[in-house]
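These notes are about the structure you will find just below.
Letters A, B, ... are given to chains in the order of the sequence lines, protein chains preceding strands, and every chain is numbered from 1.
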Amino acid sequence: DTGVSQDPRHKITKRGQNVTFRCDPISEHNRLYWYRQTLGQGPEFLTYFQNEAQLEKSRLLSDRFSAERPKGSFSTLEIQRTEQGDSAMYLCASSTTRQGGNTIYFGEGSWLTVV
Amino acid sequence: RKEVEQDPGPFNVPEGATVAFNCTYSNSASQSFFWYRQDCRKEPKLLMSVYSSGNEDGRFTAQLNRASQYISLLIRDSKLSDSATYLCVVKIGTGGGNKLTFGTGTQLKVEL
């Protein structure tokens, strides 16, 4: 499968614990995005990278959230001291800046449940 | 006010019916427009882009009215497999990557 892959697909954690999600974009896609989706809502933008540079962060990305893409390939999204309100699906997506590459492709998402 | 507004539905329609979804957006700097489809507990997938001249893809027709900041999606001869949530999506500006702003989605249920 050469699509966007995310790991883990499901995570249940206790409030206060840290969690980390990983995203592997489509090969050679230089842009990578993180979105969050809660029940009954559309996905909300969190942040995006072009290569290893984090170019934009949403106000939704509190101090407890950090995203990295150290080598411009895979990315991690860490949530520290999780809260129940963090329960959501975390979606990763990728795209390319090459001509004709305007479409972004989503991974299947990582479901987080904070209990 | 949300940047992209949609009627959440659900729209329950019989198989073979024609159904229309509407969407409004608030930012006049929006440059690109899309409809995404999302099945239950799955990722969103691009259904079609929306152009000012209107565009059609099989049973699906999308329209954009920039003056009214209004986007529509028409599904003809609906199938059971069309049951999903349809997300109205805009991209603001031409730079800044492909950051997309999603509506809350309109749920469609096609019934026998």
Side-chain angles (χ1 to χ4, degrees), chain A residues 1 3-6 9-10 23 25-26 29-51 53-61 69 75 88-113, chain B residues 1-10 21-27 30-51 55 57 62 71 73 84-109:
Chain A
D1 187 350
V4 178
S5 63
Q6 294 188 240
R9 295 290 319 284
H10 299 90
C23 171
I26 292 172
H29 274 193
N30 56 344
R31 284 185 173 156
L32 185 148
Y33 312 79
W34 285 101
Y35 285 79
R36 180 176 72 185
Q37 186 173 22
T38 54
L39 205 60
Q41 301 297 315
E44 297 172 296
F45 171 80
L46 292 178
T47 187
Y48 100 94
F49 294 82
Q50 182 158 316
N51 301 312
Q54 188 173 19
L55 296 187
E56 189 169 346
K57 292 168 62 173
S58 162
R59 290 189 306 266
L60 294 174
L61 217 62
R69 194 183 185 199
S75 174
M89 177 167 66
Y90 290 84
L91 288 157
C92 178
S94 70
S95 69
T96 177
T97 50
R98 290 184 183 173
Q99 193 165 6
N102 286 325
T103 302
I104 78 168
Y105 297 88
F106 284 88
E108 293 182 307
S110 291
W111 288 89
L112 173 65
T113 302
Chain B
R1 183 184 173 186
K2 290 186 177 180
E3 290 193 72
V4 180
E5 297 210 50
Q6 296 181 250
D7 180 344
F21 304 138
N22 303 317
C23 163
T24 56
Y25 60 95
S26 60
N27 193 324
S30 300
Q31 291 289 332
S32 303
F33 309 90
F34 311 91
W35 284 100
Y36 273 70
R37 171 191 169 131
Q38 187 171 30
D39 293 294
C40 188
R41 298 184 68 84
K42 297 286 190 180
E43 75 276 22
K45 292 184 178 178
L46 178 65
L47 179 65
M48 59 197 302
S49 300
V50 188
Y51 303 112
N55 48 299
D57 183 1
I71 306 163
L73 176 68
T85 295
Y86 290 83
L87 297 158
C88 178
V89 186
V90 306
K91 176 176 175 291
I92 298 169
T94 56
N98 282 349
K99 184 180 80 171
L100 302 176
T101 301
F102 288 79
T104 55
T106 299
Q107 190 178 9
L108 172 65
K109 295 180 180 178

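To the nearest 0.5 angstrom, A:Gln6 atom CD is 8.5 Å from B:Glu43 atom CD. Within the model, atoms CG of B:Leu100 and CZ of A:Phe106 stand 6.0 Å from one another, a figure rounded to the nearest 0.5 Å. Here CG of A:Leu91 is found 12.5 Å from NZ of B:Lys42. Values are rounded to the nearest 0.5 Å. Taken from CZ in B:Arg41 to CG in A:Leu39, the straight-line distance is 8.5 Å, to the nearest 0.5 Å.
In this structure, chain A has heavy atoms under 4.5 Å from both the backbone and the side chain of B:Pro44. In this structure, chain B has a heavy atom under 4.5 Å from the side chain of A:Gln37, while its backbone stays farther away. Heavy-atom distances place no part of B:Phe34 under 4.5 Å from chain A, backbone and side chain included.
Of all the listed residues (B:Lys45, B:Gln38, B:Gln6), the one sharing the greatest number of non-hydrogen pairs under 4.5 Å with chain A is B:Gln38. Note: A:Pro43 leads A:Gly40, A:Gly42, A:Pro43, A:Gly109 in heavy-atom pairs under 4.5 Å with chain B.
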